[in-house]
Amino acid sequence: MNAQQHGDLAADHPSMAAAQPLPMDAARSPTQRAWQRFKRHRLGYLSLWLFSVLLVVATFGELISNDRPFIAQISGKTYFPAIRNPTDLELGGDFATPVDWKDPFVVGLFDKAGNWKFETLNPHSATSSDYFTKRPPPASPSAANWLGTDRFGRDMLARLLYGFRVSIWFAIALTFAGTLIGIVMGAVQGYFGGRIDLTVQRLIEVWGAVPELYLLIIVASIFEPSLLLLLVLLSMFGWIGLSDYVRAEFLRNRNLEFVKAARALGLSNAQIIRRHVLPNSLTPVITFLPFRMSGAIVALTSLDFLGLGVPSTVPSLGELLKQGKDWLDAWWIIIPTFLLLTITMTLLTFIGDALRDAFDTRKS
């Protein structure tokens, strides 16, 4: 039976047409179909996996790079320095200060029989310096420091790992805060419209005209810089662009038939927004998430480079870029930092492109 005959038979017998199974894509929910389209975007799907691996590795950085061993046995006693660092006095030293595991006295303890330790893959942390090394900082890559040291003698690999973690989680927090505020403001404008929309739009225009950099400079001169302070300040401005897209989606969706039907059934405005309008207005929100994360990473890196970001005790990619600018002959500082930022931005861009294509209903 050819296709024409099959179609005629289905037309003559509607029950047979109804019994035909639906195509596989039609049987899935819109979210499942979007996920399938995202997976078919090979570059974006691979970028998501690579970015997830980098995020997990950076999040558990202490298990990979730490100046304190996981476990050590000295003179028959077992210590867990990664959890509680013993004092020098406990190991037979003269001071009641925490043990420096690079101290020649402590290193010499493990030359004795029965003493041993189990270290991390990279035995350095982001804030520790080897005061007993004979190489002046910044030192080039070696067996002791795979990517060399910065100008303070701190291990570059550890600084990159911990600095990347700070940047990524700061970007995630800033993206979440800015997205939440943008959704709320855009939803209020778009759903209610009228005077509320006009009033909020004028307030947004006034607030958007405030010079953000000048405000950051003023606040940094008054308060001690911190990640929380930066998160609050940047969140105050980071929602403006997203709220416009959410507002446009709400203005379009509030007049659709299913919303009118829900309103006629007596549902409250909060119920209509939560159940009907918001789920159908999240496409621009989701597709912009990776790009907003990229912007947050660039913002933190730029502020750290200018000295307006996190304190000097916090590992920072921007601070490493500043060191690279000041020490141009120390190529091991600037090149790995630049490559890490470039790879991160590229992965987020590919993920964003894949999300945009996945939620484009015109593409099958």
Side-chain angles (χ1 to χ4, degrees), residues 38 41-61 64-65 121-122 124 126 138-141 145-152 154-176 178 213 227 230-231 234 238 241 287-310 314-358:
F38 180 84
H41 196 293
R42 297 296 179 85
L43 194 56
Y45 187 61
L46 179 61
S47 299
L48 177 62
W49 274 105
L50 292 177
F51 181 79
S52 301
V53 170
L54 289 176
L55 178 61
V56 171
V57 170
T59 302
F60 299 98
I64 299 172
S65 183
L121 185 63
N122 183 46
H124 306 282
S140 59
N145 303 99
W146 297 344
L147 293 180
T149 61
D150 64 1
R151 68 189 185 96
F152 297 106
R154 299 172 299 198
D155 183 71
M156 273 297 301
L157 179 59
R159 295 290 293 180
L160 287 172
L161 183 63
Y162 285 69
F164 179 76
R165 178 174 64 182
V166 171
S167 299
I168 287 296
W169 282 108
F170 177 84
I172 292 174
L174 181 58
T175 300
F176 176 80
L213 182 59
L227 282 172
L230 286 178
L231 179 63
L234 294 178
T287 53
F288 278 124
L289 286 179
F291 302 108
R292 294 181 63 84
M293 286 188 61
S294 298
I297 294 174
V298 171
L300 180 62
T301 303
S302 303
L303 291 175
D304 291 338
F305 182 83
L306 296 173
L308 301 174
V310 298
V314 179
S316 166
L317 299 180
E319 189 263 345
L320 289 178
L321 289 178
K322 188 174 186 302
Q323 285 193 42
K325 179 185 73 70
D326 297 335
W327 297 76
L328 294 177
D329 55 335
W331 56 266
W332 55 89
I333 297 179
I334 187 67
I335 291 181
T337 308
F338 176 77
L339 288 177
L340 180 59
L341 283 172
T342 302
I343 292 172
T344 304
M345 298 296 104
T346 304
L347 292 177
L348 288 173
T349 300
F350 288 152
I351 295 172
D353 290 339
L355 282 175
R356 182 183 58 194
D357 293 342

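The only member of Asp150, Asn145, Leu161 that meets side chain to side chain contact (heavy atoms under 4.5 Å, CB included) when paired with Asp155 is Asn145.
Atom OG of residue Ser167 and atom CG of residue Leu174 lie 12.0 Å apart, to the nearest 0.5 angstrom. To the nearest 0.5 Å, atoms CG (Leu308) and CG (Leu230) are separated by 8.5 Å. Interatomic distance, Thr344 OG1 to Ile168 CD1, rounded to the nearest 0.5 Å: 5.5 Å. The line from OG1 of Thr342 to CD1 of Ile335 is 11.5 Å long, rounded to the nearest 0.5 Å. Separation of atoms CZ (Arg154) and CG (Leu320) is listed at 7.5 Å; rounding is to 0.5 Å. Separation of atoms CH2 (Trp332) and CH2 (Trp327) is listed at 9.5 Å; rounding is to 0.5 Å.
Between Leu48 and Phe350 there is no side-chain heavy-atom pair separated by less than 4.5 Å. Considering only heavy atoms from C-beta on, Leu355 comes within 4.5 Å of Pro290 through its side chain. In this structure the side chain of Leu348 reaches within 4.5 angstrom of the side chain of Ile297, judged on heavy atoms. Using a 4.5 Å heavy-atom threshold, the side chains of Leu121 and Trp146 count as touching. A 4.5 Å side-chain heavy-atom check between Val314 and Glu319 finds every atom pair outside the cut-off. No side-chain heavy atom of Leu43 sits under 4.5 Å from any side-chain heavy atom of Asp353. Residues Phe170 and Leu234 have side chains in contact (heavy-atom distance under 4.5 Å, counting atoms from C-beta outward). Phe164 places none of its side-chain heavy atoms less than 4.5 Å from the side chain of Val57.
Using modelled atom types, one side-chain atom of Thr149 and one backbone atom of Ala139 make a donor-acceptor pair closer than 3.5 Å. Proximity of a side-chain donor or acceptor of Ser65 to a complementary backbone N or O of His124 within less than 3.5 Å is detected. Formation of a donor-acceptor pair under 3.5 Å by the Arg151 side chain with backbone atoms of Pro138 is not found in this model. Of the possible donor and acceptor atoms, none in the side chain of Arg159 sits under 3.5 Å from a partner among the backbone N and O of Ile333. Remark: the backbone N or O of Ala354 is not paired with any side-chain donor or acceptor of Tyr45 at under 3.5 angstrom.
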May I have the step-by-step check of side-chain contact (heavy atoms from CB on, under 4.5 Å) for Ile351 and Leu289, ending in yes or no? CA-CA 9 Å; Ile351 295 172; Leu289 286 179; over 6 Å; no

side-chain contact (heavy atoms from CB on, under 4.5 Å) evaluation trace for Ile172 with Met293: CA-CA 6 Å; Ile172 292 174; Met293 286 188 61; 3.6 Å; yes

